[in-house]
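Quick one: this structure, given as structure tokens, is what I'll be asking you about.
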Amino acid sequence: MAALALFTAAPAFAHAALRNAVPSAGAVVDQPPTKLSLEFSCAIDLTQVVLSVEDPAGHQVALTPPEGEAKSGTTIERTTAALAPGRYKVAWRVLSVDGHHTRGTYTFDVK
């Protein structure tokens, strides 16, 4: 019985990977977005999210978290004032339910 326990597979955990984003990576949008949405491949700890957006001059864009956000989930949503034309850089860092941090960046353009 003990030998069987040694060879039993441990549960598979997945690190959180960015599955979908609005605006999406590399997008060129005609209308400035007032909301960002990032969806991940597994549940993340929403209390541990680090999300930033840099404007074309490299300054941080103010983001407002929604009121009453759950403690865990698969989607981050933040609102912002309308963005001026130019390229924006989104950087994120999340803690997945398996206890590992993942991070990434992408850009999108506003016409």
What I'd like to find out is whether the side chain of Tyr88 reaches to under 4.5 Å of the side chain of Pro56, using heavy atoms alone.
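Side-chain contact under 4.5 Å: yes.
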
With Ala25 via side chain to side chain contact (heavy atoms under 4.5 Å, CB included) - residues at least two apart:
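Partners of Ala25 by the side chain to side chain contact (heavy atoms under 4.5 Å, CB included) criterion, ordered by chain and then number, come out as Tyr106.
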
Rounded to the nearest 0.5 Å, what's the gap from CD1 on Ile44 to CG on Asp98? Could you check?
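Between Ile44 CD1 and Asp98 CG, I get 12.0 Å after rounding to 0.5 Å.
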
With the side chain counted from C-beta on, respond yes when Val29 and Asp109 share a heavy-atom pair under 4.5 Å apart, and no when they do not.
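They are not in side-chain contact.
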
Kindly work out whether a path of hydrophobic side-chain contacts (I/L/V/M/F/W/Y, heavy atoms less than 4.5 Å apart) joins Val97 to Val49.
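Shared cluster, no.
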
Sorted by first residue and then second, give each salt bridge (Lys or Arg N to Asp or Glu O under 4.0 Å) pair with at least one member in residues 40-60; sequence neighbours left out.
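Output for this query is empty, none listed.
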
Looking only at atom types and distance, does a side-chain atom of Thr107 sit under 3.5 Å from a main-chain N or O of Gly26, one as donor and one as acceptor?
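No; zero donor-acceptor contacts below 3.5 Å.
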
Which value, rounded to the nearest 0.5 Å, describes the distance between Ser52 atom OG and Lys89 atom NZ?
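Interatomic distance, Ser52 OG to Lys89 NZ, rounded to 0.5 Å: 7.5 Å.
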
So with a 6.0 Å cut-off around CD of Gln60, is the heavy-atom count from everything else above 12?
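Above 12, so yes.
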
Partners of Lys111 by salt bridge (Lys or Arg N to Asp or Glu O under 4.0 Å), sequence neighbours excluded?
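Asp30.
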
Using 0.5 Å steps for rounding, measure from the CD atom of Glu39 to the CZ atom of Arg19.
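If we round to the nearest 0.5 Å, Glu39:CD and Arg19:CZ are 5.5 Å apart.
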
Can you tell me how far the OG1 atom of Thr47 sits from the CG atom of Leu95, to the nearest 0.5 Å?
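Result: 8.0 Å between the selected atoms.
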
Residues forming a salt bridge (Lys or Arg N to Asp or Glu O under 4.0 Å) with Arg93, sequence neighbours excluded:
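By the salt bridge (Lys or Arg N to Asp or Glu O under 4.0 Å) rule, Arg93 matches no residue at all.
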
In Å, rounded to the nearest 0.5 Å, how long is the span from CG of Asn20 to OG of Ser41?
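It comes to 12.0 Å.
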
Looking only at heavy atoms, which two atoms of Ala16 and Val94 are closest? And how far apart?
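So the minimum-distance heavy-atom pair works out to CB-CG2, 4.0 Å.
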
Parallel, tilted or perpendicular: which fits the ring planes of His15 and His100, with parallel below 30° and perpendicular above 60°?
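Perpendicular, since the angle between the ring planes exceeds 60°.
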
Could you give all pairs that pass the ring-ring contact (aromatic ring centres under 6.0 Å, His included) test and reach residues 40-67, with sequence neighbours left out?
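Non-adjacent pairs meeting ring-ring contact (aromatic ring centres under 6.0 Å, His included): Phe40-Trp92.
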
Scan the side chains in residues 70-86 for donor-acceptor partners under 3.5 Å anywhere in the protein, sequence neighbours excluded, and list what turns up.
residue : atom : partner : partner atom : Å
Arg78   : NH1  : Glu69   : OE2          : 3.0
Thr79   : OG1  : Thr64   : O            : 3.4
Thr80   : OG1  : Ala62   : O            : 3.2

